[in-house]
Each structure stands twice: as C-alpha cells, then as structure tokens.
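Labels below follow one simple rule: chain letters A, B, ... track the order of the sequence lines, proteins then strands, and each chain is numbered from 1.
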There are 4 protein chains.
Amino acid sequence: MGRYEEILDAAGRLFSERGYHATSVREIARQLDLQGGSLYAHIDSKEEVLFQIVERAAHRFSEVVQNLPEGDARVRVCAFVRGHLRVIVEELPYATVFFHEWKFLSEPYKDRVRRLRDAYETALKELIEEGVREGVFRVEDPDLAAKFVLGALNWVYQWYRPGGRLGPEELARGFCPLVLGALGGGEG
Amino acid sequence: MGRYEEILDAAGRLFSERGYHATSVREIARQLDLQGGSLYAHIDSKEEVLFQIVERAAHRFSEVVQNLPEGDARVRVCAFVRGHLRVIVEELPYATVFFHEWKFLSEPYKDRVRRLRDAYETALKELIEEGVREGVFRVEDPDLAAKFVLGALNWVYQWYRPGGRLGPEELARGFCPLVLGALGGGEG
Amino acid sequence: MGRYEEILDAAGRLFSERGYHATSVREIARQLDLQGGSLYAHIDSKEEVLFQIVERAAHRFSEVVQNLPEGDARVRVCAFVRGHLRVIVEELPYATVFFHEWKFLSEPYKDRVRRLRDAYETALKELIEEGVREGVFRVEDPDLAAKFVLGALNWVYQWYRPGGRLGPEELARGFCPLVLGALGGGEG
Amino acid sequence: MGRYEEILDAAGRLFSERGYHATSVREIARQLDLQGGSLYAHIDSKEEVLFQIVERAAHRFSEVVQNLPEGDARVRVCAFVRGHLRVIVEELPYATVFFHEWKFLSEPYKDRVRRLRDAYETALKELIEEGVREGVFRVEDPDLAAKFVLGALNWVYQWYRPGGRLGPEELARGFCPLVLGALGGGEG
DNA sequence: AATGAATGAGTGTTCATTCAT
DNA sequence: CATGAATGAACACTCATTCAT
C-alpha cells in the first residue's frame, strides 16, 4: 500500500470516528508518524483527502450494481443487498464517511457525489420496477421503496462493528427476506 | 417563543445543515442579530445547545412509543411508523441533529443519549416480538428486523424536504405496507 | 456597614486571594448576591474599587506612624513594628492588595500610592536616624535599614493566617527584638 | 540562546512588570516578532511558561543553599544572604515572578512550588538553629527569625533596579550586618 | 437599586496551510 | 520526503461596561 493510500486509510478511520471537521490534519499525520506539514508533500488539501475517500467508496458501491447476476428480480435484489452490505462491512470507515461527510465537500465535488448517489438510487428503483413488471414484486411507489430499502441497508454503518453478533454473511442472509418482504416478493 | 428556544431553533437549523463542528457560535448569534458573545447571557456552552436539541428530539421520539394505540401488532407498528415519521418531518432539523451530531457530545451526555436510543430500539423490537407471538408477523431475528425498520425510517431525514412530492401523510401511508411486508405481515 | 463597604470587603477578599486581574466584576457581585451589572449602581469602575481598597489600607498604615508614642527611638520603633503588624493582621486582605495589586492602578492613582509608600518608608528611615543620633542604634545606611525592616514586616502577609501558631500579639513580641537587633539596638 | 529560552525571557520580563494575568500571549509573541498563535509551536500553554520561569528561579535559589561554605554559622548566614540577593539581582524578572505569580499555577504545579519554598525556608531555619547551638546567635523563635530574614531579603525585588544607588555587592555588604544583628550575632 | 440582555474588545488556543532547509 | 517554524484567520468563551426597564 503506497503512502497515499495509507493517508486515505488513516484519514478515513479518523473522519468516520470523529467527523471531518473534528479531525485535524495533524492528527492524520500523527497516525503515520509524520509532522502535520509533511502530509502536504502527498496531498493538496484536506478536502482532497475527503473527496478521494468519498469517491472510492462511491466506486465500490457502483461496482455492486454493475455486477448483478442475471436472473429474476428477486435474485438480483438479493445480490444487490448482499453486495451493498459487503461494501459497508468491508469498508466500514470509507462507507461511514461516504454517508456522513460528503456534505462538507465544496461545490464542484459535492455535486458530483450527489449525482453518483442519485444514479445508484435510480438503479435500485429500476430493479424494483423490473420486478413489478415481472410480477414478482408488488410495490405502489418504486421510488419510495428504493429509498426505504437503501435507508435500511445504509443504516447498518451506525451499529455494525466487526466481531459483533452477526458476520457479514449472516447479515446479508438476514436482510434479504426483509427486503423481499417489503417489496411484496416474499414467497411465491 | 422565548429567547432560549429561538437559540435552539437557529442552532438546530445550522447544525442540521452544516454539522455541529462546522457551525460557529457567531453564526448562531448572527441568526438572532446578536454578537457572538451575547449568546452567553443565555447559554453556558455550545455543547449545552447541542445537548438540549438532542434531548428534545429524543423526547419527541419517546412520546411516539408511549402513545401507541391498543390493537393488534400490525396496527401498533403502523402507528409507530406514522408517529416516528411525523417527528422526523415536523422536527426535521432537530431530528437530523439527533441522528447525526449526538456523537459529538462529551461523555456524561453521550451515554445518556445512547441509552435513550437503545431503549427506543428495544421498544420496537418488543413490538415486533409481540406480533410474532400473535402470529401476525413472521420474523427470524427481531433484533435485526428492528434495526432494519428503524434504518429505513430514519434515513428519511436524508432526503425529505418540506414541499416535496410527498406530504407527511402520504409518506406514512407509503411506508406502512413496506414495513408490514418486511415483517411478514403484509396481507393475512 | 453600608453597601459600598460590603463591596470593598468582598472585592478585597477576592483580589487578595486571586489577584485583581483574575477577579471578575461578576464574582464580586455574586458574593453580594447581585448580578454583575448591578454593582455599577454603586461604583464607577473596577479600578475605583481597587483604588479605594489600596487607599484605605494606606490610610491605616499612615495612622501607625502618626500615633507613635513619645520616648526613645527603641520604644518608638517597637511601637511602629507593633502597629504595622496589627494593620497587616487585622486587615489581611486589604494589606495584601495594598502590597500586591497597587501596580495595576493607572497613572493618576498609581503615582499617589507611590508617594504614600515613599512617605511611609521615609518616616521609618527618619525614626532610625533619630535612634542613631540618640546613640541607641548603630546603622550604616538608614535608608537600606528602613527597606530591610519594612520588607521583613511586610512579608508577613505571605504566610500569616488567622488562627495559626502565633497570634498578633506574639507576632509583634517576636519581631520587636529582631528589628532592634538588626538596628544595633538590641541590648544597651 | 534557543527560541524557548527567548520566550521564557520575554515572558519573564512581561510577567514581572504587569503580572501573569495582565500579560497576553500575543504580547509575549510580539516581543519576539511573532504572531500570537506561533508561540504554540514552542509551548503547550501559557501556564507552562509560567511554570518554567518559576521552576528555574526556584532552581537558582536552591543552588544557594547547596553551595554554602564551611565555617561558623555567621559566615554561612552571610554567604546565604549574599547568594540569595545575587539571584534576586541577577534574575530580577524571574525572581519577581517567582515571588508574585506562582499562586496562579494550577494544582499539580502549585503544590510543587510550595514544597520548594518550604524546603528553602526550612534550610535557613536550620542554619539559624546551628548558630544558636554554636552560641553565635541568640534567637527565641528560629522559625519566626527565618521568616523575618527571608522577608527582608525577598522584599528587595520590590525596589531594586539595576543601575540604582547600590550595586549587588554593596547590597549584600549592607544586608549582612543587619541580618547578623537581627539574629543576635552582631559582634562578639 | 437591581435586573437581564446586550456590546465590542479581548482571551488562550487551534487550525489548514506554507516554506526554507 | 520530511521537518519545524511560522502565518493569519478562526474558534469558544470571558470581560468590564451600558442601559432600558
């Protein structure tokens, strides 16, 4: 792992624990046994670090939606749930920063992130609409349903801690039927 | 509305938009046409303001769970959903701060908030367990289901804006079947 | 005791314990169960309070030198020692402020205090010179001797606490021979 | 002289002239042509600066008592007087701060200083007791006598200014007989 | 007399960032 | 690459003082 990635990782951990504004550049540096100013040989600004973390998390999430298997909508939604949760669990700090701190990006960046998020939500909504067309889901408002499901999944970063009661696999196995049930595709 | 409530409201709006650490005391004061230091005739510290906001939001949420109607678990869960969403929608800034910024409270306060949150989640879990015992819900892991539902509901603060496509009533009407479906009590 | 004297007393106690600059007007007010601003119905400024305290202490000291008994220089010096120590002991807070905080007065006041101190020291020096002329003291540099004696006496405020090992009377009885010895008039 | 010592010196001068609380960090910085915040690259807090000054003064004084010559108690007391006065005169700002401002240290530090002062006073008291045992001093209350002598010496910081009527050597020559006289060891 | 709210300047301290070495 | 010193703006908070009530 290069120096740059080390910086992103240290910053990701700190941003996720204390928030972007409550984390000083010096603290990030100290994690790498550097002086505060020394980071600037590697980065241009604190905001760049935030943006890179958010971007990388966004990229991991977008892979989920790009690699869904063929199959009926129930299979595809479950794969989405599993993939989405895997990103959250495997990249807990990055995902936390992605959900919490993207607002602090300034405008050229913030809008870019907003569009990525919207596209992701839209992909889920379309997945749900497919299921409705296929007759396996019964959903009145697919947009609302997509927000509902994403909320349920995203909230996981609030309480999931590695080494807890549920491993990542059990988590996905537990969530899949809940999601399918919500979409009216529970059994049939 | 007394001066103190005005302060909490202005602070709540700013904290919810920019976050606690990115909001300066001077900015809160400016909203009330005051000098920065003048706030301290009314408050003891910035943290006190955060705590009061969080506490009041917590209180609003706890009322929801205390005023559930009699009836079968489906009715009660739907009332919970409706009540919970109403607090989020009516107190959007306070609720946002409650979800996002409580972590920045220092220890005597933070723990108190944590316990309120846990109690609230437990109440929902027990509601779900009731439904399972009554035979109206089919849920494998009530704890996980409670976290799932709460996540789906709480996430609303991320996208809900007054004057948007859905009013608070439609929001609740849309969410209720999604929640019941997730809990396996969709149509029985 | 009028309100004004209550204020001086409370301020004297606080100034002597924490120093002038470390004592806020609000703290003085709180001792009298008042709000900070309410003091200004009685005083013009914080500095006025300091000046009054210093002035009153100076007045008490100047009485000592004005009321010396007739007699030989040894008797008069001992009366000076006794009187000076009595002021320190009886007015410990005022005396402490007089020694410590007069420097913080601004110029019209500060110079006035300086002159009072100088006059007081000069009086002691002349007392010593009398004794030399009378042949009861043997002192090379009466000015230095006066400073020596005053220092020894004044320092008492640093360690004297009411209720300690020595009462005010024993203190004077202990100091008198030390002073006379220093002036070469110990036993004759 | 390193930057840190420059800071202590500038602070020592200002603290001694205006007092600790009336000296702002910005003023100390200005003496070194720095911005206020820049000091914090060198120090942790304003209080640390005060503590270092007090500690260094205390160290200089303690050397006096450790380096007394052999000889009878009169010789030793005079060496003490000479050494003590030399520290005051040579380190006038530090000594002034040591006498005046140590009270503003907060508790872990303050107690440490208190103990150093007490130990120093005890050393002088024991010196006086030696002299009594040797028969060269006649003193009723050695503890009081030690306080008397220390007060007389310490007070020098109140009026001594370099370039005044008396140089440091004459000062010591003038004080020695006064001290010996006070202790009843004047001539014999 | 006293209050309570307000001011405007100031406090010690932290911050992201720069730069000569 | 990294340091250590520096900047200048900002921070939360305190202060002596004012003033309408």
_Pairing residues for A/Tyr109 by the ring pair (Phe, Tyr, Trp, His ring centres under 6.0 Å) criterion, not counting sequence neighbours_ = A/Phe51
*Residues in ring pair (Phe, Tyr, Trp, His ring centres under 6.0 Å) contact with B/Tyr157, at least two apart in sequence or another chain*: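 B/Phe99, B/His100.
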*Over all heavy atoms of both residues, which pair between A/Glu6 and A/Arg3 is shortest? Give the atoms and the distance, please.*
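Residues A/Glu6 and A/Arg3, closest heavy atoms: OE1-NH1, 2.9 Å.
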*Cationic tip of B/Lys46 within the cone over B/Tyr20's six-membered ring, i.e. under 6.0 Å and within 45° of the normal?*
yes
*Geometric cation-pi criterion A/Arg56 and A/Phe98, 6.0 Å radius, 45° cone*: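 Judged by the rule, A/Arg56 and A/Phe98 form no cation-pi pair.
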*asked:* For A/Arg13, is there an ion pair with A/Asp9 - N to carboxylate O distance below 4.0 angstrom?
replied: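 Between A/Arg13 and A/Asp9 there is no salt bridge, as every charged N stays at least 4.0 Å from the carboxylate O atoms.
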*Does the distance from a Lys or Arg side-chain N to an Asp or Glu carboxylate O, for B/Glu107 and B/Arg114, drop under 4.0 Å?*
yes
_Would the distance check show the side chain of D/Gln52 and the main-chain N or O of D/Leu8 forming a donor-acceptor pair, the cut-off being under 3.5 Å?_
no
_Using a 3.5 Å distance criterion without hydrogens, assess whether the side chain of C/Glu101 forms a donor-acceptor pair with backbone atoms of C/Leu50._
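Pair absent, no side-chain N/O of C/Glu101 close to backbone of C/Leu50.
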*Where along residues 9-31 of chain D does a heavy atom fall under 4.0 Å from DNA chain F?*
D/Arg26
*Rounded to the nearest angstrom, tell me the gap between atom OH in D/Tyr4 and atom P in F/dG4.*
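Going from D/Tyr4 (OH) to F/dG4 (P), I get 16 Å.
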*What distance do B/Ile43 atom CD1 and B/Ser38 atom OG have between them, rounded to the nearest 0.5 Å?*
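Separation between the atoms: 11.0 Å.
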*How long is the span from the CG atom in D/Leu32 to the CZ atom in D/Arg30, to the nearest 0.5 Å?*
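Nearest 0.5 Å value for the CG-CZ distance: 11.5 Å.
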*Mind checking which nucleotides bracket the chain B contacts on DNA chain E, 5' to 3', with an atom under 4.0 Å from a heavy atom?*
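First and last nucleotides in contact are E/dA5 to E/dG10.
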*Got a minute to check which stems DNA chain E is part of, using Watson-Crick or G-U wobble pairs under 3.5 Å, three or more consecutive?*
E:2-21 with F:2-21
*Could you check which residues of residues 32-48 of chain C get a heavy atom under 4.0 Å from DNA chain E? Sort them by number, please.*
C/Leu34, C/Gln35, C/Gly37, C/Ser38, C/His42
*Is the count of non-hydrogen atoms from other residues, nucleotides or ligands lying under 6.0 Å from C/Arg112 atom CZ greater than 12?*
no
